[in-house]
Amino acid sequence: MCPSHPWFHHPEHRLLPGVLALLWTALIGGCATTPTPSAPPDAPISASPEPPPEFVPVVRYGRYTLIELAPSAAQQDLMLQAVEVSAPDTLHATVADALRHVLRRSGYQLCTGQDTDSLDRLPLPAAHYQLGPLLLRDALLTLTGPAWDLHVDDGTRLVCFSHVTAAPARPLPPIDPDADVQTFPLATEVQP
């Protein structure tokens, strides 16, 4: 570009070559600095060899993504897989029905026996028709509740439950149908 060009005579554009020269000098000057040694030149520097990095095989997936060729924790321990419970909406669903539904694609089966038969007699609470996402172990424990212990046989991939052996619960006193029932007013919404 020649100095007689009209663009060059604009006041802001006349500063451009000077700014570029300053930047260039700063860049070159910055490269010329020498680092100061942290130890005297006579002292031997002991460099402990770093362990070689662990080899993790990867494969390119797409243009910018590398995927490790190793199983995830949920693939190694199937109880760590994430599940969502969406039990079929029936009027007579039981806890055992929900357990079978959750286990359907997990790789496990619900074992048969007396305890499973008692789970078949327990109605599924409305709060348990939709759960998750949860870990499979947590979903199973949530569906059965604290009165049941979970037993997993990974060799046969069976999931079993047993009653927690604790002191028997005290029965609730019977409700007197003639007793006065105390009612509380519903809270009303206050408009500002």
Side-chain angles (χ1 to χ4, degrees), residues 50-189:
E50 290 195 24
E54 182 181 331
F55 175 72
V56 179
V58 294
V59 66
R60 183 174 302 280
Y61 187 78
R63 188 171 181 177
Y64 301 108
T65 307
L66 293 177
I67 304 292
E68 290 184 14
L69 298 175
S72 68
Q75 290 171 329
Q76 290 178 333
D77 182 0
L78 293 176
M79 281 290 148
L80 296 178
Q81 62 185 300
V83 295
E84 283 194 53
V85 179
S86 201
D89 193 14
T90 63
L91 295 176
H92 304 292
T94 65
V95 172
D97 291 336
L99 292 171
R100 285 185 200 97
H101 182 73
V102 170
L103 293 172
R104 183 172 293 140
R105 298 181 68 195
S106 70
Y108 288 97
Q109 293 179 343
L110 187 61
C111 65
T112 57
Q114 181 181 2
D115 289 330
T116 306
D117 291 342
S118 60
L119 287 171
D120 254 330
R121 291 187 290 275
L122 292 175
L124 183 65
H128 290 172
Y129 275 84
Q130 298 285 329
L131 289 177
L134 295 170
L135 296 179
L136 179 60
R137 179 180 308 278
D138 295 337
L140 296 172
L141 290 171
T142 301
L143 287 170
T144 56
W148 296 88
D149 280 332
L150 171 66
H151 306 282
V152 179
D153 183 358
D154 287 320
T156 59
R157 290 194 179 166
L158 282 176
V159 173
C160 302
F161 291 92
S162 64
H163 256 326
V164 173
T165 53
R170 295 183 307 177
L172 294 174
I175 298 174
D176 182 13
D178 297 328
D180 289 334
V181 178
Q182 186 178 4
T183 60
F184 298 96
L186 293 174
T188 58
E189 200 172 307

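Source: prediction; values computed, not measured.
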What's the spacing between [X] [atom1] and [Y] [atom2] if we round to 0.5 Å?
X      : Y      : atom1 : atom2 : answer
Leu78  : Leu136 : CG    : CG    : 8.0 Å
Leu119 : Leu124 : CG    : CG    : 11.0 Å
Ser106 : Arg157 : OG    : CZ    : 9.0 Å
Asp115 : Cys160 : CG    : SG    : 8.5 Å
Gln114 : Thr116 : CD    : OG1   : 10.0 Å
Leu99  : Trp148 : CG    : CH2   : 10.0 Å

Taking every non-hydrogen atom, the tightest pair across [X] and [Y]:
X      : Y      : value
Ala74  : Leu80  : CB-O, 3.7 Å
Ala147 : His163 : O-ND1, 3.4 Å
His151 : Ser162 : NE2-OG, 2.7 Å
Gln75  : Pro71  : OE1-CA, 3.3 Å
His92  : Asp97  : O-OD2, 4.0 Å
Val164 : Pro146 : CG2-O, 3.5 Å

Taking the side chain from [X] and the backbone from [Y], do they hold a donor-acceptor pair closer than 3.5 Å?
X      : Y      : value
Arg100 : Leu103 : no
Asp120 : Asp117 : no
His101 : Val85  : no

Check whether any side-chain heavy atom of [X] sits under 4.5 Å from a side-chain heavy atom of [Y], and report yes or no.
X      : Y      : value
Leu140 : Tyr108 : no
Val159 : Met79  : yes
Ile67  : Val59  : yes
Leu150 : Arg137 : yes

For Glu68, look at atom CD and say whether over 12 heavy atoms of other residues, nucleotides or ligands are found less than 6.0 Å away.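 No, because the 6.0 Å sphere around CD of Glu68 holds 12 heavy atoms or fewer from other groups.
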